[in-house]
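Take a look at the structure below.
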Amino acid sequence: MSNLLSLLGQTAVNLNVQQTITSTASNNISNASNPNYSRQVTNLASLPAEQEGNSFIGEGVTVQSVTQIRSQFIEAQMPSAFGSSSSATSAASTLTAVTSLDPSATGGLASQLGNYYSALQALAQNPGDASLRQAAVAAAQGLATAFNQTSQSITGAQNGVDSQLPSLASQVNALSSQMASLNAQIRMDEASGATPNDLLDQRQSIQDQLEQLTGAVPIPDASGDINMALPDGTSLVSGDTSSTMSTQVDVANGSHLDVLLTPPGGTALTIPTSDLGGTIGGLVGSRDGALATALSTLDSMAFDLGNASNAVQTAGFDINGNPGQDLFTVGGTAPGTAGTISVSSAIIANPGLLAAASTATGGTGDATNLQNLIATQTTNLATSGETPVETLANLTANYGAQTQQAQNSQTQTGAVLQNLQQMRSSVSGVSIDAETTTIDQAQNVYQALSKVITATDAMLQSLMAIT
Amino acid sequence: MRISDAMIYDQASYNMANAEQQVQTAAEVSSTGIQVTHPWDNPAAAGLAVVYQGSSANFTALAQSTQAAADELSSADSALTSIGTSIQQAVTLSQEVGSGVFTAAQQAGTVDQITGIQNDIVQALNTQVGDRYIFGGTIDNAPPFSAAGAYSGNTAVRQVEVAPGVYQNASVRADVAVKGAGGGVDVFAALSALSTAVTAGNQAGILAAQGTLDTALQQVFTVQTEEGGDAAAIQTATSVNQTAQTATTTDLGDLVDASETTAASQLAQAQTAMQAAVDASQTSFQLSLVNVPQSQ
């Protein structure tokens, strides 16, 4: 039965509710710049009304819970957006680091290839001229150096990827382990009936990071755990256990690093490049994709051009009428040739060894073999089936197209992620204005309740004065 | 849509980052004057730029080679003209000595003149362009003719590439022009015969030598005519290659180089967009209830 004393008691409870609302809003404002924080709301419930006669008299309000606000619709889209954006960003940044294929680069392969044939052309006009021979050999060295530098630039980018993988794997392991621990803690806290909002925020933050690093997707289960699996379904976090990511040298892949995953108590399994996502997937994908393709094409080009030149040279005769020798030093197989191709040291020391003549008695003015060497410019290479310039043009265009595709993907997925993050922030982010309004409202209610206490107290005083 | 504070700052950051990227790109194009710096700027254009660069270098090299060949042929032409003049002098001399009786002293003087003519011809045949003897075939590092007119060159004709894979003769076969190789007459043998006939006062021999020299003169003219044809073809090729080189360079520039006006306009546009992003962000930052009591 409602009376003045119980009214005082109810009002005191209601004052506490306003304090809780203010406290929650204060906490929200404090975390306004915390990107991992999801705003919380104080969920209120009216206290059961008390019946007096034929009326129900309300008893006020109570705090039912303090929960965080998240949109499952938006959250369900975040993993894919994080993984795709991170993958595209890492791929684009890796591929754009290679500038040795710039078409107008000074000393680049395109200009050195032109210089080489121009020098041979000039020499063909006067093959007995020592300075022209020297210039032709220097141009050949320039071409070999351009192959070397372009190869080093590409392998440098690949090695740069390798250098990042161990530390990224360590980050993944640390995050996976934390996530497994948080699963256990959250499960325990939720069993008590409370909502551990801060732990949920921590787990969400770790989940976001794992998605960015590996492209992993969350798989919630009935117990409230969030399990994480790589794009191919391989488990990264399962309940309160996590797998261990590591790296291993793969000799078959140019001694680059493979990424492995070892489940608890299990054996390490190599994760195929296609099954990696996120930053790691973008890095490995660009290393084994566009960069590997460019390097392979470059190696074949150097190998084929070097061998074609050597075949012509050995069929000719030098300035003294002696049989020609290899102009370029190339390996037995194409892989690695661009990085190692060089001009014969003997020819560098003695440009007269360039086999310009096609016969031993052709004389110093015989340039017919040089003309054959120049003809390699318009002869299709064995592997590419195209001329050297066409091969380089296609290599440049293909690399540019793949890099541009990565950049476009970066822009597109970045925009999608930005939009989703804005939507997430719209739902879960803190609005200081809204929280300020909430506090003002609570303050007003608090003041009004204070007046209720004052009025009730006055009424009691009046009553006591009568008695 | 509910707006959180983070949205305002994140959006501002995102917008300004995009604007900065656009300014950076526009500034790079504007400052370098190149719109295709990297393959990913325009993959197709980058590939084509490689081809154009190769073609440009090739046309330049061809033009230089053909110009050098043209210069050598020009020297050869001058030498052949000189040789023709010398032979004509010998013919004239033979006509003079063949038309009357000469004293021994006159005969000796005539022989000396013939020797001088031969020396002139040898000197012309040992013409060098740079350090290269142009009448020795592909043996170009030694004088192809001895003082007596013996030929030590070979029968090769040097060629110059006038277009990719297309070659044009770029030297004269002196053995054909003056030594009678291939069925002609030997100028030096004719001069020697003339000298012998003059010394002996052999009118019939003088007439015979004169006839041979007439043939030799035609022989030199024929070779010179062929040489002129080769030179004309090479000169044409030089012009064609120079024109092609210019056209390719223009095409490459059109493909790779940025329009200064467009680049400046894009830079200004990007800068304006960035300033707008900054202004909008500043305005957004001030729109908060927190600021209301302070402003009142």
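In what follows, chains are A, B, ... by sequence order, proteins preceding strands, each numbered from 1. Please read all numbers here as calculations on a predicted model, not as lab measurements.
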Given a strict heavy-atom distance threshold of 4.5 Å, which part of [X] is in contact with chain A: side chain, backbone, both, or neither?
X	result
D10(B)	both
D41(B)	backbone
E72(B)	side chain
A46(B)	both
V256(B)	side chain

Pairs of heavy atoms under 4.5 Å with chain B: top-ranked of [options]:
options	answer
A397(A), G363(A), A119(A), S426(A)	S426(A)
L95(A), I374(A), T96(A), L101(A)	T96(A)
A357(A), A367(A), A122(A), S118(A)	S118(A)
T364(A), L120(A), V389(A), T403(A)	T364(A)

Flag for T127(B)-S75(B): side-chain donor and acceptor within less than 3.5 Å: no
N15(B) versus Q11(B), side-chain donor and acceptor atoms under 3.5 Å: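 Indeed, the side chains of Q11(B) and N15(B) share at least one donor-acceptor pair under 3.5 Å.
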Of the backbone (N, CA, C, O) and the side chain (C-beta and beyond), which part of [X] lies under 4.5 Å from a heavy atom of chain B, both, or neither?
X	value
Q405(A)	neither
N394(A)	neither
L395(A)	neither
S111(A)	both
V430(A)	backbone
Q422(A)	both
A401(A)	both
T368(A)	neither
A356(A)	neither
L392(A)	both
Q371(A)	both
S33(A)	neither

Out of curiosity, [X] [atom1] to [Y] [atom2], how far, rounded to the nearest 0.5 Å?
X	Y	atom1	atom2	value
N169(B)	D230(B)	CG	CG	5.0 Å
Q159(B)	S65(B)	CD	OG	13.5 Å
D140(B)	I134(B)	CG	CD1	10.5 Å
E161(B)	Q125(A)	CD	CD	11.5 Å
M274(B)	Q21(B)	CE	CD	11.5 Å
N141(B)	I139(B)	CG	CD1	8.0 Å

When Q53(B), Q64(B), R132(B) are compared by non-hydrogen pairs under 4.5 Å with chain A, the top option: R132(B)
Charged N-O contact under 4.0 Å between R424(A) and D208(A): yes
Pair R39(A) + D201(A), salt bridge at N-O below 4.0 Å: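 No, this pair does not count.
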Heavy atoms from other residues, nucleotides or ligands near CD of Q128(B) exceed 12 (cutoff 6.0 Å):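 Counting other residues, nucleotides and ligands, CD of Q128(B) exceeds 12 neighbours.
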More than 12 heavy atoms from other groups under 6.0 Å of CD on Q441(A):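 No, because the 6.0 Å sphere around CD of Q441(A) holds 12 heavy atoms or fewer from other groups.
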Polar side-chain atom of R133(A) near backbone of L354(A) as donor-acceptor pair, under 3.5 Å: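 Yes, because the side chain of R133(A) sits within donor-acceptor range (under 3.5 Å) of the backbone of L354(A).
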